[in-house]
Amino acid sequence: MNFTTLIGAAIGAAIDGSDGEDSTVDGAIEGAIVATVVRAAIPLALTFATGWLVLRGIGKLKDAAFGASEPQA
């Protein structure tokens with residue numbers, strides 16, 4: 001288990017425990033799952049954003065070098 005998963009579990013348990021209805025175990029489980037998903041999603045989002053910016057930059061360089069292309073109908 002990773003440190004971020006433990007932090008997510010602790011935060012989830014604290015949030016779930018604040019309502020006082022039942023045990024905090026289900027909140028801890030949900031927090032751990034969210035932490036794991038976020039830990040996997042952030043690198044994917046950064047990779048996507050970097051690729052998009054690179055493609056956009058390449059398109060602008062192409063337009064600057066060869067002129068803007070006409071949209072095809």
Side-chain angles (χ1 to χ4, degrees):
M1 191 175 274
N2 198 339
F3 184 69
T4 55
T5 306
L6 290 174
I7 296 294
I11 292 171
I15 291 171
D16 191 43
S18 67
D19 63 7
E21 290 180 10
D22 57 354
S23 72
T24 59
V25 174
D26 54 342
I29 292 170
E30 291 170 3
I33 290 170
V34 168
T36 303
V37 169
V38 167
R39 191 174 55 238
I42 287 176
L44 289 173
L46 289 175
T47 302
F48 176 81
T50 303
W52 181 80
L53 289 171
V54 167
L55 286 175
R56 185 174 169 104
I58 289 171
K60 287 190 181 223
L61 285 174
K62 180 188 71 87
D63 288 345
F66 301 112
S69 60
E70 296 289 326
Q72 297 179 356

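This one's a predicted model, so the numbers in the text were calculated from it and none came from an experiment.
In this structure, Val38 is a member of the same hydrophobic cluster as Leu46, with clusters built from ILVMFWY side-chain heavy atoms closer than 4.5 Å. One hydrophobic cluster, built from ILVMFWY side chains closer than 4.5 Å, cannot hold both Ile42 and Ile7; they sit in different ones.
Across all their heavy atoms, Gly8 and Ala35 have their closest contact at CA-CB, 4.0 Å.
Atoms OG1 and CH2, from Thr47 and Trp52 in turn, are 15.5 Å apart once rounded to the nearest 0.5 Å.
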